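First up is the structure itself, then whatever we jot down about it.
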Amino acid sequence: MKSKVQFRLRIYRDDAIAIGPGKIAVLEAVAETGSISAAARLLGMSYRRAWMLIDEMNQSLASPAVNTAAGGSRGGGTALTPVGEEIVKHYRAIENAARLAAAADIRALTRLLAQ
């Protein structure tokens, strides 16, 4: 058996999760694919779910994390704004810092797991 450690940081604005692991995954998938629908497929979720995560995040922010262009003869597309890029960068940096800070305790806990 292999163990896995996963941090689940969530930042709330009122009762809504403004920034969290699902929203970060969608942002990264949008950055990779350039499309909400392709990002949703990559993550195994519906387009509606991906769009709702992006919309909820954008509504919580002072500036949007994602810009979309409507489809048509030249096609549409979705891209992260500089704010979206900053969110992903800082979120992943926090995860890494937490992982490093907790490394000794994580090792101690995982040693207690059944082999």
Side-chain angles (χ1 to χ4, degrees):
M1 276 190 192
K2 186 175 177 183
S3 64
K4 178 181 175 183
V5 176
Q6 186 173 4
F7 291 97
R8 306 293 288 183
L9 172 67
R10 288 177 178 84
I11 299 173
Y12 289 81
R13 181 174 179 263
D14 297 324
D15 291 335
I17 299 172
I19 300 168
K23 291 179 172 114
I24 296 300
V26 170
L27 289 180
E28 290 174 328
V30 164
E32 182 179 332
T33 64
S35 156
I36 296 173
S37 58
R41 281 191 301 275
L42 183 67
L43 296 171
M45 69 174 63
S46 70
Y47 171 85
R48 178 171 160 62
R49 177 73 178 138
W51 184 88
M52 288 177 67
L53 289 170
I54 290 169
D55 186 55
E56 185 176 46
M57 183 175 14
N58 279 345
Q59 295 297 320
S60 297
L61 298 169
S63 298
V66 172
N67 280 330
T68 60
S73 61
R74 291 185 294 171
T78 305
L80 300 189
T81 64
V83 168
E85 292 170 357
E86 286 288 305
I87 289 169
V88 172
K89 180 181 96 173
H90 290 299
Y91 189 92
R92 293 303 183 202
I94 290 167
E95 281 185 328
N96 190 51
R99 193 175 295 108
L100 291 173
D105 291 315
I106 291 168
R107 279 192 302 277
L109 287 174
T110 56
R111 278 194 294 260
L112 299 173
L113 298 174
Q115 299 292 326

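All values derive from a computational prediction rather than experimental measurement. Heavy atoms only: backbone and side chains are in, while hydrogens, waters and symmetry mates are out.
- Between the side chain of T81 and the backbone N or O of A65, at least one donor-acceptor pair lies under 3.5 Å.
- Under the 4.5 Å side-chain heavy-atom criterion for Ile, Leu, Val, Met, Phe, Trp and Tyr, I17 and I11 are members of distinct hydrophobic clusters.
- Remark: L100 engages N96 in a side chain to side chain contact (heavy atoms under 4.5 Å, CB included) (not counting sequence neighbours).
- Listed by chain and number, the residues in a salt bridge (charged side-chain N to carboxylate O under 4.0 Å, His left out) with E95 are R92 (sequence neighbours excluded).
- Neither I94 nor I106 shares a network with the other; the hydrophobic side chains, linked directly or stepwise wherever heavy atoms of I, L, V, M, F, W or Y lie under 4.5 Å apart, form separate groups for each.
- V26 and F7 fall into different hydrophobic clusters, where Ile, Leu, Val, Met, Phe, Trp and Tyr side chains are chained together by heavy-atom contacts under 4.5 Å.
- Nearest heavy-atom pair across A31 and L80 is CB-CD1, 3.7 Å.
- Q59 meets the side chain to side chain contact (heavy atoms under 4.5 Å, CB included) test with D55; sequence neighbours excluded.
- Applying the side chain to side chain donor-acceptor pair (under 3.5 Å) definition to pairs two or more places apart or across chains, those involving residues 4-27 are K23-E56.
- Both W51 and L61 belong to a common hydrophobic cluster when Ile, Leu, Val, Met, Phe, Trp and Tyr are linked at side-chain heavy-atom distances under 4.5 angstrom.
- Sorted by first then second residue, the salt bridge (charged side-chain N to carboxylate O under 4.0 Å, His left out) pairs that include residues 97-115, not counting sequence neighbours, number zero.
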Compile the donor-acceptor pairs under 3.5 Å between side chains in residues 42-49 and protein atoms, sequence neighbours left out, one pair per line.
{"unit_1": "S46", "atom_1": "OG", "unit_2": "R49", "atom_2": "N", "d": "3.0"}

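- In terms of heavy atoms, I36 sits closest to T78 at CG1-OG1, 3.6 Å.
- Summarising the geometry of A39 relative to T33, their closest heavy-atom pair is N-OG1, 3.4 Å, with the distance given to 0.1 Å.
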